[in-house]
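A note on names: the letters A, B, ... follow the listed sequences, proteins ahead of strands, and every chain is numbered from 1.
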Amino acid sequence: MQCNANDIVVLDFETTGLSPLQGDRAIEIGAVRIAGGEVVDRFQSLMNPGFKVSGFISNYTGISNAMLQQAPPCAEVMADFADFIGDSNLLAHNASFDKRFLDAELGHIKRRYAGEFSCSLLLSRRLYPAAPNHQLATLLKYANIAADGDFHRALYDSEMTAKLWLALLQTISERSGLSPVPFALVKKLAKVPKKSVPEFLAQW
DNA sequence: TGCCAGGCCCTCTTTAGGGCCTT
């Protein structure tokens with residue numbers, strides 16, 4: 001198990017909707033592996049969920065039914081993705097959403113993962129409390145991170161989440177004096193009451 | 001065809017409700 005927060009796999013799903021328990025499936029996975037604070041590997045694939053996606057989803061993601069018809073099935077893509085993530089720790093923006101789909105899709109093919117999730121949304125609420133909101137695009141602007149690609153595509157969103165993550169880790173380093181930042185710290189920080197964050201970082 | 005969830009977090013709270021965030 002890796003112990004530093006800058007050795008992590010950042011992932012993002014595009015899906016047919018919000019809930020795998022309601023029958024929604026993944027239609028694209030994108031991920032980047034960060035090691036030593038740099039992106040060292042990437043994974044991206046569309047996947048065919050076996051049914052047509054709604055007009056809303058096509059408009060939201062730019063992923064059409066024609067594109068998905070030519071894509072490999074979810075089972076094939078997710079097996080490759082399970083190999084990609086290995087036992088790495090994992091990160092997503094609003095991780096509870098992506099974790100639900102990762103659990104569901106890997107459950108379909110009886111695969112598991114050993115890593116623990118961290119969440120850039122929970123950390124940004126604690127480290128950037130003055131941001132206008134905590135949507136990914138807004139946080140990138142707030143942190144002065146250039147973003148000129150297509151949001152709501154899995155690889156681009158995972159790349160941007162990785163950049164946001166590194167900025168958040170830099171903020172933690174500046175406020176705590178720690179570098180690299182321990183993974184255990186970010187796990188606990190995500191649950192610290194907002195008003196207790198300065199004290200938490202000073203005392204770690 | 002149309003519709004759907006759930007965890008976090010705040011407060012006019014905890015015997016609850018509603019906004020935010022993800023697709």
Side-chain angles (χ1 to χ4, degrees), chain A residues 8-32 43-68 71 74 77-78 81 85 90-108 116-143 145 147 149-165 167-168 186-200:
Chain A
I8 203 164
V9 169
V10 189
L11 64 93
D12 182 71
F13 279 105
E14 304 306 316
T15 71
T16 65
L18 293 172
S19 174
L21 292 178
Q22 298 292 323
D24 288 315
R25 298 296 301 267
I27 57 173
E28 187 181 38
I29 179 67
V32 299
F43 186 102
Q44 183 276 332
S45 183
L46 293 171
M47 57 188 112
N48 189 337
F51 56 90
K52 289 186 176 180
V53 302
S54 67
F56 171 81
I57 291 298
S58 288
N59 289 330
Y60 188 79
T61 63
I63 299 169
S64 67
N65 283 300
M67 293 162 68
L68 293 175
C74 294
V77 173
M78 291 307 300
F81 187 61
I85 61 179
L90 305 169
L91 165 70
H93 195 66
N94 197 14
S96 67
F97 174 84
D98 292 280
K99 182 179 186 300
R100 280 200 297 276
F101 277 94
L102 183 65
D103 290 349
E105 292 296 344
L106 292 185
H108 287 313
E116 292 184 54
F117 263 94
S118 193
C119 177
S120 53
L121 172 63
L122 295 182
L123 240 61
S124 69
R125 281 176 174 161
R126 286 161 178 79
L127 296 172
Y128 298 159
N133 61 57
H134 293 84
Q135 296 171 22
L136 178 58
T138 303
L139 290 167
L140 291 166
K141 284 184 183 176
Y142 184 77
I145 297 169
D150 294 326
F151 283 107
H152 308 306
R153 287 301 301 267
L155 182 59
Y156 185 75
D157 282 4
S158 64
E159 298 253 19
M160 293 297 103
T161 300
K163 290 186 178 184
L164 173 63
W165 185 247
L168 290 167
V186 299
K187 288 290 289 185
K188 290 189 177 179
L189 179 56
K191 296 180 179 179
V192 168
K194 283 185 181 179
K195 61 183 179 183
S196 303
V197 167
E199 182 181 23
F200 173 85

Worksheet item: Distance between the P atoms of B/dG17 and B/dT1, in whole angstroms?
Response: 36 Å
Discussion item. Using a heavy-atom cut-off of 4.0 Å across all strands, would you classify A/Ser54 as base, sugar-phosphate, or nothing?
Written reply: nothing
Discussion item. Taking the minimum atom-to-atom distance to the side chain of A/Lys194, which one of B/dG6, B/dC21, B/dC10 wins?
Written reply: B/dC10
Worksheet item: Taking the six-membered ring for Trp, are A/Phe13 and A/Phe101 parallel (under 30°), tilted (30 to 60°) or perpendicular (over 60°)?
Response: tilted
Worksheet entry | B/dC9 to B/dC4 separation - P atoms, rounded to the nearest Å | 26 Å
Item to complete: Would you mind reading off the distance between A/Phe51 atom CZ and B/dT1 atom P, rounded to a whole angstrom?
Response: 14 Å
Worksheet, complete the sentence: The answer to which of A/Leu21 and A/Asn133 contacts DNA chain B further toward the 5' end, by nearest nucleotide, is A/Leu21
Item to complete: Could you work out the separation of B/dT13 and B/dG18 based on their C1' atoms and round it to a whole Å?
Response: 12 Å
Worksheet item: For the pair made of CG in A/Asp24 and C1' in B/dG2, what is the distance, rounded to whole Å?
Response: 13 Å
Worksheet item: In terms of side-chain heavy atoms of A/His93, which of B/dT23, B/dC21, B/dC4 is nearest?
Response: B/dC21
Discussion item. Starting the side chain at C-beta, find the nucleotide from B/dT23, B/dG6, B/dC21 nearest to A/Phe97.
Written reply: B/dT23
Response to the item:
Whole-Å distance, A/Lys195 NZ to B/dT11 C1', equals 12 Å
Worksheet item: What nucleic acid atoms does A/Leu122 come within less than 4.0 Å of, heavy atoms only: base, sugar-phosphate, or nothing?
Response: sugar-phosphate
Worksheet item: Is it the case that A/Thr16 and A/Asp24 place a side-chain donor and acceptor less than 3.5 Å from each other?
Response: yes
Discussion item. If you assign each of A/Ile57 and A/Ser96 to its closest nucleotide in DNA chain B, which residue comes earlier from the 5' end?
Written reply: A/Ser96
Item to complete: In whole angstrom, give me the gap between the C1' atoms of B/dC12 and B/dG19.
Response: 15 Å
Item to complete: Remember a base hit wins even if backbone is also touched, and classify A/Gln22 as base, sugar-phosphate or nothing at under 4.0 Å, heavy atoms.
Response: base
Fill in: Candidates B/dC21, B/dT23, B/dC4 - which lies nearest the side chain of A/Asp12
B/dT23
Worksheet item: Between A/Arg25 (CZ) and B/dT22 (P), how many Å, whole number?
Response: 23 Å
Taking only distance into account, with no hydrogens and no angle test, what donor-acceptor pairs under 3.5 Å do side-chain atoms of residues 43-52 of chain A form with protein atoms, sequence neighbours excluded?
from	atom 1	to	atom 2	distance (Å)
A/Gln44	NE2	A/Glu28	OE2	2.7
A/Asn48	OD1	A/Gly50	N	2.9
A/Asn48	ND2	A/Leu68	O	3.1

Item to complete: Report the nucleotide, chosen from B/dC21, B/dT23, B/dA5, that has the shortest atom-to-atom distance to any side-chain atom of A/His134.
Response: B/dC21
Worksheet item: Counting only N and O atoms by type, is there a donor-acceptor contact under 3.5 Å from the side chain of A/Asp12 to the main-chain atoms of A/Leu155?
Response: no
Worksheet item: Can you find a heavy atom in the side chain of A/Val32 that is under 4.5 Å from one in the side chain of A/Trp165?
Response: no
Worksheet item: Which part of the nucleic acid, if any, lies within reach of A/Asp98 when heavy atoms closer than 4.0 Å are counted: base, sugar-phosphate only, or nothing?
Response: nothing
Worksheet item: What is the distance, rounded to the nearest whole Å, between atom CG of A/Asp103 and atom P of B/dG6?
Response: 14 Å
Worksheet, complete the sentence: To the nearest angstrom, the NE2-C1' distance between A/His152 and B/dT22 comes to 10 Å
Discussion item. Using atom C1' in both nucleotides, what's the gap between B/dC20 and B/dG2 to the nearest angstrom?
Written reply: 25 Å
Item to complete: Rounded to the nearest angstrom, tell me the gap between atom CG in A/Leu11 and atom C1' in B/dT23.
Response: 14 Å
Fill in: Nearest-angstrom distance from the residue atom CZ of A/Arg125 to C1' of B/dG7
9 Å
Item to complete: Using the test ring pair (Phe, Tyr, Trp, His ring centres under 6.0 Å), find all partners of A/His152 that sit at least two apart in sequence or belong to another chain.
Response: A/Tyr60
Item to complete: Please work out if A/Asn59 contacts a base, only the sugar-phosphate, or nothing of the nucleic acid, heavy-atom cut-off 4.0 Å.
Response: nothing
Worksheet item: With a non-hydrogen cut-off below 4.0 angstrom, is A/Phe101 in contact with a base, only sugar-phosphate, or nothing?
Response: nothing
Worksheet item: Touch check for A/Leu18, heavy atoms < 4.0 angstrom, all strands: base, sugar-phosphate only, or nothing?
Response: base
Worksheet, complete the sentence: Heavy atoms of A/Ser58 and A/Val53 approach each other most closely as OG-CG2, 3.4 Å
Item to complete: Would you mind classifying the nucleic acid contact of A/Arg126 as base, sugar-phosphate or nothing, using non-hydrogen atoms under 4.0 angstrom?
Response: sugar-phosphate
